[in-house]
Novice: 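Below you will find the structure I want to go over with you.
Order of the sequence lines fixes the chain letters, A, B, ..., with proteins taken first and strands second; residue numbering starts at 1 for each chain.
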Protein chains: 2
Amino acid sequence: MPKNKVVSLNKLKVACKNCGLAKLCLPLGLDSGDIDQLDAIVQRNRPLHRGGHVFQTGDKFRSLYVVKTGTIKTYTQCPNGSEQVVGFHLPGEVVGLDGIECDKHLCSAKALETTAVCEVPFGRLEELTSSIPGLQHQLFRLMSREITKETGLMVLLGKSTAEERLAAFLLSLSVRFHNRGFSPVEFNLSMSRQEIGSYLGLALETVSRLFTHFQEESILLVDRKHIKILDMDQLYNLLSNQTTCLDRLQAPN
Amino acid sequence: MPKNKVVSLNKLKVACKNCGLAKLCLPLGLDSGDIDQLDAIVQRNRPLHRGGHVFQTGDKFRSLYVVKTGTIKTYTQCPNGSEQVVGFHLPGEVVGLDGIECDKHLCSAKALETTAVCEVPFGRLEELTSSIPGLQHQLFRLMSREITKETGLMVLLGKSTAEERLAAFLLSLSVRFHNRGFSPVEFNLSMSRQEIGSYLGLALETVSRLFTHFQEESILLVDRKHIKILDMDQLYNLLSNQTTCLDRLQAPN
DNA sequence: CGTTGAGTTGACTCCTATCAAGAAATGTGG
DNA sequence: CCACATTTCTTGATAGGAGTCAACTCAACG
């Protein structure tokens, strides 16, 4: 039994490495057979280069995608041609949930850098729920989590200043990097000021000004896309009035 | 067979009346047995008065709730004591999806007027997915729809003017009332200017000014909480740059 | 009929978008 | 490898939209 458990855990690790989805099932005590089943339906496509699309608005919905390495941004095209960023997705995070409803994708997803994703055919995933107990519930949880995150962002966009928005954004990235085993205080932004602004409902100039402002206050060290958080406490304090949405934005996938 | 179908449809209508959830399953061609199963788990509580809570932040998550009549607002409490409205829920709409993730509710839900809700114990609903084919998928769709709606609101809050926000809000209400068989051009707001403002990220004074402004432009007729839309086209035109989020906010349930 | 809460309206201020110009980095082709 | 083009970022000046503060009106209710 203990030996079996070890095998199972190793398999889990492998599966987690290949596809963040399996991680969902960790708290369930999946046995190795379950992992194998999950593993069997996951498709490993070759990495996308910067700018490559995972899917585009209007594409038929077939699969969810789990980011393995790199970053995906999701966005919609506005009638006037400009694009609106609706999300940034780091390793371990899932993209494509909005496609389930109408059986087609309602936003586009493109790589911000060289990025590897796992493709999980949704139909097969739905079938697996009958043979893997608890999987269904984990999927519901995953989607509930997505709703929570979006609610948090809504609140942030509705009633926060530019400063609070950028602070929340940086803290969210920090926590998410930390959860994946990267440094929570030092990381590279894979998105432009423009994209950050679009996501946070700010002009790119405002984002730029805030970065320099945070640097002047010794909260950050900014070198173009490289960010080092010098004073995490101050960053948190900026959000003292916004803890509600902060919690929502930060909880692990 | 045709006779059976009639029975089934009647049952469906009854079920729909009792609980909007069954409506989810309409496109699936549920048979009457399925409806009975769904019906059996639904609890009908007595109506809430204005101000009564369906659930509160931190409550253990047990059930989803479907609004039968009336209006529910969901909101979170900010650290400084003020509340932030995160949603208004009309008849047929589902409340409580954000509770699945952590097994407890992350927001509070209270009645804005005398309101009847159906309680659907989530555990039992999850069990039913094994005996009602397609139910699982409908639940995924429901949650996906919720994500889509929130994304739409995010975009609206991120990059729209106060005028556009209120126009989108009114059009969203209009469509949702229409879908439930009410007039799309004349209705009563069950929420205060304050609550509308909180939801849209605006000061209550701004909301008030916009109502008078819309009235001056002969777009609306406003008498306190009673709204009559005089010029639907103009209202749409205000959102010509925001059609993306408009679509997302409007689609049925 | 006074009290209370909601809504309206005005005056003022401030935050952030916009416009504009320049600097830095990145990429390209000769 | 260098000159040029292009994109991204930074910084400044300006203007406008919406928040805030405050006073007033109106409706509801005991």
Novice: Going by atom types only, do A:Thr74 and A:His89 share a side-chain donor-acceptor pair under 3.5 Å?
Specialist: yes
Novice: Please tell me if B:Lys225 has a side-chain N or O lying less than 4.0 Å from either OP1 or OP2 of D:dA27.
Specialist: no
Novice: Using atom CE of A:Met191 as one end and atom C1' of D:dT7 as the other, report the distance to the nearest whole Å.
Specialist: 18 Å
Novice: Could you tell me whether A:Gln194 atom CD has more than 12 heavy atoms of other residues or ligands within 6.0 Å of it?
Specialist: no
Novice: Should we say atom NZ of A:Lys228 is surrounded by more than 12 heavy atoms from elsewhere, each under 6.0 Å from it?
Specialist: no
Novice: Go through residues 203-215 of chain B and report each residue with a non-hydrogen atom lying under 4.0 Å from DNA chain D, sorted by number.
Specialist: B:Ala203, B:Glu205, B:Thr206, B:Arg209
Novice: May I have the distance from A:Leu112 (atom CG) to D:dT7 (atom C1'), rounded to whole angstrom?
Specialist: 16 Å
Novice: Rounded to the Å, how far apart are B:Lys159 NZ and C:dT18 C1'?
Specialist: 15 Å
Novice: Can you tell me how far P of C:dG5 sits from CD of B:Glu195, to the nearest Å?
Specialist: 15 Å
Novice: Using 4.0 Å as the upper bound for N to carboxylate O, is an ion pair formed by B:Glu83 and B:Lys73?
Specialist: yes
Novice: For B:Arg224 and D:dT25, what is the distance between atoms CZ and C1' respectively, to the nearest whole Å?
Specialist: 10 Å
Novice: Parallel under 30°, tilted from 30 to 60°, perpendicular over 60°: which one fits the rings of A:Tyr65 and A:Phe55?
Specialist: tilted
Novice: Relative to the 5' end of DNA chain C, which residue comes earlier, B:Ser192 or A:Thr161, by the nucleotide with the nearest heavy atom?
Specialist: B:Ser192
Novice: Please give, in whole Å, the distance from D:dC26 P to B:His226 NE2?
Specialist: 20 Å
Novice: Donor-acceptor check, side chain of A:Glu119 to backbone of A:Gln43, threshold 3.5 angstrom: yes or no?
Specialist: no
Novice: CG of A:Leu202 versus P of D:dC9: gap in Å, rounded?
Specialist: 15 Å
Novice: How close or far is atom P of C:dA6 from atom CD1 of B:Ile196, stated in whole angstroms?
Specialist: 13 Å
Novice: For A:Gly197, report the nucleic acid contact type (base, sugar-phosphate, nothing); a contact means any heavy atom under 4.0 Å.
Specialist: nothing
Novice: With no hydrogens and no angle check, just 3.5 Å: does a side-chain donor-acceptor pair link B:Thr76 and B:Gln84?
Specialist: no
